[in-house]
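Notes follow once the structure below has been shown.
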Amino acid sequence: MKPILAVEKLNTRFETFAGSVYAVNDINFELFPGEILAVVGESGSGKSVTMLSLLGLLPGSSSRVSGRAQFSTAGIDVDLLSLSKSELNRYRGNHISLIFQDALRSLNPVTTVGEQISESLITHLGYNKKKARRHALELLELVGISQPDKRYSSYPHMFSGGMRQRAMIAIAISCKPEILIADEPTTALDVTIQSQILELARRLQRELGMAVIWITHDLGVVAGLADRVLVMYGGTAVEIAPVDELYENPRHPYTEGLLGAIPSIANKGIKRLVSIDGSPPDLFQAPRHCQFVWRCPYAFEPCWQNIPQNYEINKGHYSKCFYDLQNNRPRTEV
Ligand SMILES: Nc1ncnc2c1ncn2[C@@H]1O[C@H](COP(=O)(O)OP(=O)(O)O)[C@@H](O)[C@H]1O
Ligand SMILES: [Mg+2]
């Protein structure tokens with residue numbers, strides 16, 4: 001199957017007064033039509049910057065983005081990174097939608113929720129006001145907001161956190177995007193609401209056939225949601241695998257550490273939190289060796305000398321690590 005999005009050698013740097021920040025380093029991944037790809041990694045690992053880079057949403061003056069991001073769908077085959085801001089604007093919303101963690105800040109406080117959904121339909125799909133309203137009511141219903149007629153005229157502050165996130169999702173899916181990117185959309189919500197939003201995302205993905213990139217720092221929510229998982233560390237993609245394979249057979253020490261840090265799921269009932277010692281890498285240095293080496297319990301000499309290549313472990317399972325975790329020894333080819 002041809003990927004709907006193929007990202008190759010994505011690099012993003014920020015030029016700051018303190019020096020260059022190497023936020024995203026040589027990221028490669030593919031997204032296939034209709035799948036859910038989870039992107040996990042601790043705060044500051046470059047998850048948001050990766051997505052914002054693809055959509056041209058970083059401050060142009062201080063950021064440098066390079067690489068390719070091929071978006072392919074019916075009749076379209078285009079490198080998103082070669083487009084101008086205004087061209088990218090046409091893809092954003094129409095083909096690729098984004099939802100953020102902070103729904104309150106993303107929604108306009110002085111416009112009713114219903115009007116904001118209508119507005120999106122009028123702008124992107126050219127609906128007239130009446131048709132847009134009718135469709136907005138359907139969308140409110142679709143995302144599980146009861147009494148849509150009444151809620152249409154409510155302002156964002158009148159909504160609970162979970163309802164605001166549902167409204168954001170309604171706006172994001174209003175134009176039937178092929179790709180929905182959700183950047184930690186449930187982080188600010190309590191656990192019950194979080195699982196309701198996850199359930200909603202799964203249902204919509206099935207019903208609308210979208211491909212979804214679900215960003216989270218919480219591997220615990222990934223198991224029941226994703227088809228595949230991309231693990232990020234220090235601005236690099238350290239491991240990518242089908243979800244079951246990743247849980248059963250993690251092959252990067254960072255993933256292993258993350259899984260150890262999940263209470264009850266990875267430890268099969270043993271409720272124990274293992275934190276990974278040390279702090280994240282200094283992103284002011286261009287990577288010259290493995291980004292995890294400072295914290296890695298398996299590090300040996302080559303890990304300090306070179307950046308590991310992406311080793312294929314199994315079909316669709318790659319790990320950027322010189323150490324063979326399965327056989328508990330350095331890779332023979334290193
Ligand atoms: N505008 C910016 N200028 C400089 N550095 C930035 C900017 N935006 C993000 N960064 C840095 O890029 C790194 C990755 O950030 P981010 O992608 O937001 O992490 P995550 O989403 O995984 O928590 C962080 O070290 C962050 O400080
Ligand atoms: Mg982020």
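Worth knowing before you read on, the calculation uses all heavy atoms, side chains too, and leaves out hydrogens, waters and symmetry mates. Atoms within a ligand are numbered from 1 in the order they appear, just like the ligands themselves.
Within a 4.0 Å radius of atom 2 (C) of ligand 1, the protein contributes one or more non-hydrogen atoms. Of the protein's heavy atoms, none falls inside 4.0 Å of atom 27 (O) of ligand 1.
Counting heavy atoms closer than 4.0 Å to ligand 1, residue Val49 contributes atoms from both its backbone and its side chain.
Among the atoms of Ser43, none of the N, O or S atoms falls under 2.8 Å from the Mg ion (ligand 2).
With hydrogens and angles left out, the side-chain atoms of Ser72 and Asp77 include a donor and acceptor closer than 3.5 Å. Side-chain atoms of Glu245 and His317 include a donor-acceptor pair closer than 3.5 Å. Side-chain atoms of Tyr298 and Glu256 include a donor-acceptor pair closer than 3.5 Å.
For atom 10 (N) of ligand 1, the nearest non-hydrogen atom of the protein is Phe14 CE1, 3.5 Å. Closest protein heavy atom to atom 18 (O) of ligand 1: Ser48 CB, 3.8 Å. Protein heavy atom in closest approach to atom 12 (O) of ligand 1: Ala23 CB, 3.4 Å.
Residue Thr50 has no nitrogen or oxygen atom sitting less than 3.5 Å from a nitrogen or oxygen atom of ligand 1, judged on distance alone. The N/O atoms of Thr16, backbone and side chain alike, include none that comes under 3.5 Å of an N/O atom in ligand 1. Inclusion of Ser62 in the set of residues having an N or O under 3.5 Å from an N or O of ligand 1 is not warranted.
Summarising the geometry of Leu142 relative to Ile173, their closest heavy-atom pair is CD2-CD1, 3.8 Å, with the distance given to 0.1 Å. Contact between Phe29 and Met51 at its shortest, heavy atoms only, is CZ-CE, 4.3 Å.
Comment: Arg203 engages Glu207 in a salt bridge, judged by a side-chain N to carboxylate O separation of less than 4.0 angstrom. A salt bridge links Arg133 with Asp149: the distance from a Lys NZ or Arg NE/NH1/NH2 to an Asp or Glu carboxylate oxygen falls below 4.0 Å. Of the charged side-chain nitrogens involved, at least one lies within less than 4.0 Å of a carboxylate oxygen, so that Arg228 and Glu35 count as a salt-bridged pair.
Residue-ligand proximity: Ser43 is placed with a non-hydrogen atom under 4.0 Å from ligand 1. At least one heavy atom of Gly46 sits under 4.0 Å from some atom of ligand 1.
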Would you check, one step at a time, whether the test salt bridge (Lys or Arg N to Asp or Glu O under 4.0 Å) holds for Glu138 with Lys131? CA-CA 11 Å; Glu138 284 170 17; Lys131 189 174 176 193; over 6 Å; no
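When the options Pro281, Ala18, Gly44 are ranked by their closest heavy atom to atom 23 (O) of ligand 1, first place goes to Gly44.
Taking every non-hydrogen atom of Leu283 and a distance limit under 4.0 Å, the qualifying atoms of ligand 1 come out as 13 (C), 25 (O). Every atom of ligand 1 is numbered from 1 in the order shown, and the set under 4.0 Å from a heavy atom of Ser45 is 19 (O), 20 (P), 22 (O).
Between Val7 and Arg68, the closest side-chain pair of non-hydrogen atoms is not below 4.5 Å.
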